[in-house]
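A quick write-up on the structure given underneath.
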Number of protein chains: 2
Amino acid sequence: MVGVVTSAGADKTEPTWTIAEIAAEFGVTHRTVRHYEELGLVTPERRGTARLYQRRDRTRLNLILRGKRLGFPLEQIRTIIDLYDAPRGKASQLEYCLAQIDDRRADLEHRRRDIDDALAELDTFAARCREDLDRLR
Amino acid sequence: MVGVVTSAGADKTEPTWTIAEIAAEFGVTHRTVRHYEELGLVTPERRGTARLYQRRDRTRLNLILRGKRLGFPLEQIRTIIDLYDAPRGKASQLEYCLAQIDDRRADLEHRRRDIDDALAELDTFAARCREDLDRLR
DNA sequence: CCGCTGCTTGACGTTAACGTCAACGTAAAG
DNA sequence: CTTTACGTTGACGTTAACGTCAAGCAGCGG
């Protein structure tokens with residue numbers, strides 16, 4: 001909890017960014033960032049009408065983009081982001097979190113097996129290619 | 001090269017499957033299989049008008065579905081499948097293959113790093129959850 | 001006050017990956 | 001020979017993830 005900024009005097013800490021800066025830095029368009037906001041993946045503050053992005057939003061964007069690189073749909077990415085900052089006051093909530101984490105773990109480990117398999121196949125294929133190439137000389 | 005089946009007497013080897021069997025076995029709909037055919041990802045033979053799937057098609061379907069689990073678009077999956085059975089008679093072709101393989105390797109290894117990062121984060125998060133849970137008792 | 005630049009809100013367009021009919025062919029079963 | 005059960009070819013619908021205008025507001029440099 002860093003303190004609400006709202007209409008009280010701005011703390012001189014807490015750096016912020018505009019949507020254009022954020023978009024450029026993360027290599028996406030502002031439309032993309034807005035789309036993520038429409039889906040509730042980021043929730044920037046407002047100075048008047050303009051969006052103000054903070055470190056929290058940058059963290060989320062990193063999670064989102066990694067999720068996308070891994071091919072997860074945005075909806076699923078949202079659930080995992082929500083997981084990361086869900087309320088964890090009660091034991092039941094903590095246990096729910098731990099269960100979700102296990103699910104995610106299983107998924108990711110399955111993917112890693114798939115990747116390792118694919119890499120192994122690529123290797124044997126590459127070996128065959130190099131063999132054929134040697135034989136050709 | 002197993003031998004052309006066409007209109008010569010059918011070898012009693014070479015098992016085949018119908019589209020329904022293939023779809024059921026791979027846990028997809030026949031529409032999905034047809035869609036893959038439209039994109040050139042599988043090319044079953046025909047007995048009259050009906051499709052006849054062979055082992056070759058099953059291999060491809062396995063590649064396709066793994067690609068999908070890893071979140072690759074079908075177009076990209078097609079390029080890698082094409083890579084696996086491209087003509088490799090000339091040295092230039094073999095060298096092209098090896099280059100492509102390197103590209104694929106790089107991509108897959110990037111993904112694996114992403115996965116490992118995600119898993120590490122999940123672990124520390126899980127540890128915090130368990131800590132909080134212990135403290136709550 | 002004027003114009004420029006950047007931000008905002010719609011609203012419609014697009015691509016990928018199928019889903020979902022509809023209408024028809026065909027081959028084995030009764 | 002007529003069902004019945006699959007199989008086939010369109011063709012249009014749908015969802016996700018943005019792209020692409022269009023049009024308006026807002027601060028600020030001259």
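A quick note: this is a predicted structure, and the numbers were derived from the prediction, not measured. Reminder, nothing fancy here: chain letters follow the sequence lines and each chain counts from 1.
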Tabulated below should be each protein N or O lying under 3.5 Å from an N or O of nucleotides 5-8 of chain C; please produce it.
from	atom 1	to	atom 2	distance (Å)
C/dC7	OP1	A/Thr18	OG1	3.0
C/dT8	OP1	A/Arg51	N	2.5
C/dT8	OP1	A/Arg51	NH1	3.2
C/dT8	OP2	A/Arg51	NH1	3.4
C/dT8	O5'	A/Arg51	NH1	3.4

Please determine if [X] and [Y] form a salt bridge, counting it only when a charged side-chain N lies under 4.0 Å from a carboxylate O.
X	Y	result
B/Arg113	B/Glu109	no
A/Arg111	A/Asp107	yes
A/Asp116	A/Arg112	no
B/Arg78	B/Glu75	yes
A/Asp85	A/Arg60	yes

Pairwise side-chain contact, B/Glu14 with B/Arg56, heavy-atom cut-off 4.5 Å (strictly under) | no
Within residues 24-61 of chain A or reaching into it, pairs that qualify as ring-ring contact (aromatic ring centres under 6.0 Å, His included) - sequence neighbours excluded | none
Any donor-acceptor N/O pair, B/Gln93 side chain to B/Lys90 backbone, under 3.5 Å = yes
Partners passing ring-ring contact (aromatic ring centres under 6.0 Å, His included) against A/Phe125 (at least two apart in sequence or in another chain) | B/Tyr84
Going 5' to 3' on DNA chain D, which nucleotide is the first and which the last to come under 4.0 Å of a heavy atom in chain B?
-> D/dG7 to D/dA11
When the distance from CD of A/Glu37 to P of C/dG10 is rounded to whole Å, what number comes out?
-> 12 Å
Sequence neighbours excluded, which residues qualify as salt bridge (Lys or Arg N to Asp or Glu O under 4.0 Å) partners of B/Arg128?
-> none
Name every residue in residues 70-80 of chain B that has at least one heavy atom under 4.0 Å from any atom of DNA chain C, in order of residue number, or write none if there are no such residues.
-> B/Pro73, B/Leu74
